[in-house]
Amino acid sequence: MASSSGAEGASLDDYDSLIATTDVELLKRAWRNEKAAPEILRFEFHLISRVKEQIQLMEETVEEKSSGGNNPLSVSLYQMDLDRTLFLLRSYLRIRIQKIEKYMFHILKTEELWNRLSKDEKDFARTCTGDLNRHLEETVLSKLPENYQSVLKQSVISEEDDMVPEPELDTFVLCRSKEYLTGIQLEDGPADDRSKLFEMEPGVLHFICYKSIKALVESGKIDLL
Amino acid sequence: MAGQSNHELSLFSAEELEFIAEDEIVDIVPNLKMGPLNFISGDFGPFTPQIVTQVPLWLAIALKKRGKCSIHPPQWMSVEKLSQVLETERDSQEMSDQLPFHYVEISRLLFDHARDNIPNLYMVRSLIEDIRNVRFHKVETDLEGFNGRTIAVKIKNLSAMEVNIVRPFIGKALQAFYKHDSPELIPDPERVSDRRPQVVNNAPRRQLRR
């Protein structure tokens, strides 16, 4: 286990390494969840640093093997394995960047979301919002009447920031539970369903409103796909 | 952005589904001698001629392409088993659970790269095609039973490819039902009057084409 700084998901990571899942498997899950979730999820600090370490080690090994006159077949197979892992990692990071670009103002002002970003992502979001702000200021906003010059608001009479795109949490997502879950409260459902408790059998696919299972995704009980 | 599927539409591209399916384990019979491979994704091998060993599909295909092994098609990919599955699928409106989640991708990959290792190739291929069609027809009829009362839809034994095909439709449909049912979107007259017809909608604005 890497150092335990910064993340609440450490216990989950422990559990998963106990049941002997490879980090690639975990990364694949994180990638799928990130792809399927409408909002940005917590950055997998530990997992990503472990994977990066392994990638670096493997790059060195491949380098060594190919210069050492090893069996070229085995070298190319190692390279393929490396490429697959690299793809997962890149794709994971890119989806997050796409989400940050889309919702940067919202993320910047929502502490909960802000804390889900890695250090690099925070830097990126800061620079990005700064640049966009300046750009809009210079090209459009400064030329508008005084009441309409905010990046975040339609006009000064808006009570909330109504020009900030937010992720739609009531998107329907497809998910699968790992264990038998009961008593999922579908609070946000249509009026007559609201009080009903919902149960989920392991392995069965469900289309469900993201809002209702948000907490379960965060705690790792449910996988999105 | 290259290599990224459109988030709004189908989430996973066909290539990405194939990528996921390539991690499924298959039996191969190598014809070369090679030490164990200690990959990031796990340890495989050692490889000894004529000794069956288990590897992920991508590795099996890589070896096969170089003529270094033959692949044992999974048990469900036999004429006998598939005929039985087809029959079950035809007999009931329920989706059967006898095929793996990635059956479409796995069979496709094997047809493309290991056709000489599949007995009765043409028969197997047309059976799988038939099963796909029957199953998809069932999915379509199931969709007709949709109504606004559904807050969550349970789907049993849908395969990865089928999920990917119906996802955009079901997702949007459920969301539409949900929205029309939601009290928040019924405009509050008080607010509207002093704010001009300007409803707060923080949903993402239409994206410029990338």
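All heavy atoms count here, side chains included; hydrogens, waters and symmetry mates do not. In this text, all values refer to a predicted model and were calculated from it rather than measured experimentally. All chains are named by letter (A, B, ...) in the order of the sequence lines, taking the proteins before the strands, and each is independently numbered beginning at 1.
Here the closest heavy-atom approach between residue Ala62(B) and residue Leu77(A) is recorded as CB-CD2, 3.8 Å. Contact between Asp81(A) and Phe39(B) at its shortest, heavy atoms only, is OD2-CB, 3.1 Å. In terms of heavy atoms, Lys28(A) sits closest to Asp23(B) at NZ-OD2, 2.7 Å.
The shortest side-chain heavy-atom distance between Phe207(A) and Val163(B) does not fall under the 4.5 Å cut-off. The side-chain heavy atoms of Asn38(B) and Tyr78(A), taken from C-beta on, include a pair separated by under 4.5 Å. With a 4.5 Å cut-off on side-chain heavy atoms, Ile208(A) and Leu174(B) do not count as touching.
For a heavy-atom cut-off of 4.5 Å, chain A lies close to no residue in residues 85-99 of chain B.
Within the model, atoms OG of Ser159(B) and CG of Leu205(A) stand 9.5 Å from one another, a figure rounded to the nearest 0.5 Å. Between atom CE of residue Met80(A) and atom CG of residue Leu37(B) there is a gap of 11.5 Å, rounded to the nearest 0.5 Å. Residue Thr22(A) holds its OG1 atom at 10.0 Å from CD1 of Ile40(B), rounded to the nearest 0.5 Å. Going from atom CZ of Arg66(B) over to atom CG of Leu73(A) covers 6.0 Å, rounded to the nearest 0.5 Å. Residue Phe172(A) holds its CZ atom at 14.5 Å from CZ of Arg167(B), rounded to the nearest 0.5 Å.
Counting heavy atoms of neighbouring residues, nucleotides and ligands inside a 6.0 Å radius, atom CD of Gln50(B) does not exceed 12 of them. With a 6.0 Å radius and a threshold of 12 heavy atoms from other residues, nucleotides or ligands, Glu201(A) has its CD atom above the threshold. More than 12 heavy-atom neighbours from other residues, nucleotides or ligands sit within 6.0 angstrom of CD on Glu179(A).
Contact annotation for Leu57(A): neither backbone nor side-chain heavy atoms come within less than 4.5 Å of a heavy atom of chain B. In this structure, chain B has a heavy atom under 4.5 Å from the side chain of Ser76(A), while its backbone stays farther away. Using a 4.5 Å cut-off between heavy atoms, Ile20(B) contacts chain A through both its backbone and its side chain.
Between chain B and the residues Asp170(A), Thr85(A), Asn71(A), the largest count of heavy-atom pairs under 4.5 Å involves Asp170(A). Your options are Arg84(A), Met58(A), Glu25(A), and the one with the most heavy-atom pairs under 4.5 Å with chain B is Arg84(A). Your options are Leu225(A), Asp23(A), Val173(A), and the one with the most heavy-atom pairs under 4.5 Å with chain B is Leu225(A).
In this structure, Arg176(A) forms a cation-pi arrangement with Phe101(B), its terminal cationic atom sitting closer than 6.0 Å to the ring centre and no more than 45° off the ring axis.
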